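First the structure, in the form of structure tokens, and then the observations on it.
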Amino acid sequence: MHSEGPPAAVLLVDRDPELAAEIMAFLEDRDYEVEWVDDGEKAYNRLDSRPFDVLITDLNAHRIDGMRLMAVAKDRNPEICVVLIAEQPDVALATEAMRQGAYDFQTKPLNLGKLEAVIEQGIGHQRLVFEQYELKRRLDERFGLGSLVGQSRQMVAVYNAVRQIAPTRGSVLIRGETGTGKDLIAQAIHTNSPRRDAPFVKLNCASIPAALVESELFGHVEGAFTGATRPRKGRFEVADKGTLFLDEIGELSLALQAKLLRVIEHQQFERLGDSRTMSVDVRLIAATNRALENMIERGEFRDDLYYRLRVISIDAPPLRQRREDIPLLADHFIKEACATHSREVAGISRNAMDLLMRYEWPGNVRELKNIIEGMVIMARPGKTLDVSDVPGYLRRTTAPEVSEIRIPTGATMSEVERIVIEETMKVTGYNKEACAKTLGIGLRTLYRKLKEYDIR
Ligand SMILES: Nc1ncnc2c1ncn2[C@@H]1O[C@H](COP(=O)(O)OP(=O)(O)OP(=O)(O)O)[C@@H](O)[C@H]1O
Ligand SMILES: [Mg+2]
């Protein structure tokens, strides 16, 4: 017997009243709601009058036959579970019926137990499809696009741009401050594109040593340079037919910028140490949190590459320009943090939310996410997050000029380093460039240390 939800509606089409009565009695006993008609034309009218979950029809129904009825029923409800009933076994016909979307094909005399098992299975399948569909629709509505949360005018503009750009193969430039969701936007473009089943490959140009970037991108042959003991595929090859996401493209050397331009224009390159030219079909998405225009002026970024990339660009809006998204994001990150850390938090108070709404968010959504995560981890179970749970520096309207870092005596040098980096990251709103500058170290060194100390 089927469970949960309202009784499933069955339309039964058979010209034999005795058999129909028997099937009806059997199914109604098992909580199905059954309507019976004795010919195809009446069935046709019933299908137009209300939704049905199941159609059981005699293949030779009068006036409109079973196959055609099935087509009509599927037109009204593509997931309808159709069971066709034939006078005698007919393999060719059964195959054709299944091909056209019948859920099952049975012959007389009917085995009612088997009929019920089939219907139940069909309905289960149908519910699953609906649930997934409904879930997806609700997620899209609530969360925007993919995993991007936010309903502000600026975010809706981003979603629209992504939907418009996704089907094409043009290179894309995503610009925006740190933590504004550039990674998520790149992923959304890929998953909404025809390339969604091919690889999405990411390379952060700042996180690997400059000398290795070229071989990472294009690969190398054995002996191409010291240490190249084996041939290796580059990211372009790995991403063939898919999307390559180059993060922090401003970090790329001028020489590599030139090579990149060539790949964009001709989809061609060579592995390091190899004279053979390779061709790939890769869609390129680049991201940057730096003002490339300024870099062009200083001669650090090629203008031809910039103009080429800029044709299709998306600007990820900073959080302080779309404060109305903060409650939605906060709510989302509270749920997420509760799930990841097996915590329970009742929500967030009005006053605490006011503080979040007033803050400048230099680290944008990433900073909000980190702060909420910290608040959830520190909160007593079942509690509503309140003002006292909000970190001190958010409670001051203006950021302090000087803040100090406390280091416990007995800390090792590497602990000291970890604490200093962690605190500086907080103060700079998780802006790696600002943090590196404050500490007087290179961006790459910072990346290495963040990884080493597992700081996010
Ligand atoms: N609109 C959003 N909805 C949900 N989560 C978001 C959104 N924007 C950013 N995030 C989350 O914030 C964090 C930072 O996002 P992301 O890595 O995409 O930023 P970014 O712009 O690439 O930053 P960076 O320039 O530092 O690389 C991630 O954990 C991401 O999941
Ligand atoms: Mg990023």
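Remember, it's a predicted structure, so these values are computed and weren't measured experimentally.
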Is it the case that more than 12 heavy atoms not belonging to R50 sit under 6.0 Å from its CZ atom?
yes
Exceeds 12 heavy-atom contacts within 6.0 angstrom, atom CE of M378
no
How far apart are the closest heavy atoms of Q151 and D325, and which atoms are they?
N-OD1, 2.8 Å
Selection residues 433-445 - residue pairs positive for salt bridge (charged side-chain N to carboxylate O under 4.0 Å, His left out), sequence neighbours left out
R290-E433
Pairs in or reaching into residues 185-197: which pass salt bridge (charged side-chain N to carboxylate O under 4.0 Å, His left out), with residues at least two apart or in two chains?
R195-D281
Any sub-3.5 Å donor-acceptor pair from [X]'s side-chain atoms to [Y]'s backbone N or O?
{"X": "T445", "Y": "I441", "result": "no"}
{"X": "N364", "Y": "L319", "result": "yes"}
{"X": "R343", "Y": "I377", "result": "yes"}
{"X": "D53", "Y": "A9", "result": "yes"}
{"X": "R175", "Y": "I314", "result": "no"}

Across all chains, not counting sequence neighbours, the side chain to side chain contact (heavy atoms under 4.5 Å, CB included) partners of T340 are E336
Listed by chain and number, what are the side chain to side chain contact (heavy atoms under 4.5 Å, CB included) partners of A316, not counting sequence neighbours?
T180, K182, I185
Only pairs at least two apart or in different chains count here, so list each ring-ring contact (aromatic ring centres under 6.0 Å, His included) that has a residue in [range].
{"range": "residues 292-324", "value": "none"}
{"range": "residues 222-247", "value": "F218-F236, H220-F225, F236-F269"}
{"range": "residues 428-456", "value": "none"}

Does [X] have any salt bridge (charged side-chain N to carboxylate O under 4.0 Å, His left out) partners at least two apart in sequence or in another chain, and if so, which?
{"X": "E237", "answer": "R271"}
{"X": "K202", "answer": "D183, D247"}
{"X": "R380", "answer": "none"}
{"X": "R323", "answer": "E360"}

Answer yes or no: is there an ion pair linking E423 with K426, defined by an N-O contact shorter than 4.0 Å?
yes
So that I can tick it off, tell me whether D331 and K335 are bridged by a salt bridge, with the cut-off set at under 4.0 angstrom between side-chain N and carboxylate O.
yes
Distance-only donor-acceptor hits, side chain of residues 253-265, under 3.5 Å, sequence neighbours excluded:
from	atom 1	to	atom 2	distance (Å)
S253	OG	L256	N	3.2
Q257	OE1	R302	N	2.7
Q257	NE2	L252	O	2.8
Q257	NE2	E300	O	3.2
K259	NZ	E214	OE2	2.4
R262	NH1	E270	OE1	3.2
R262	NH2	E270	OE2	3.0

Can you tell me how the ring of H125 sits relative to the ring of Y103, calling it parallel under 30°, perpendicular over 60° and tilted otherwise?
tilted
Hey, what do you get for CG (D354) to CD1 (I326), rounding to the nearest 0.5 Å?
11.0 Å
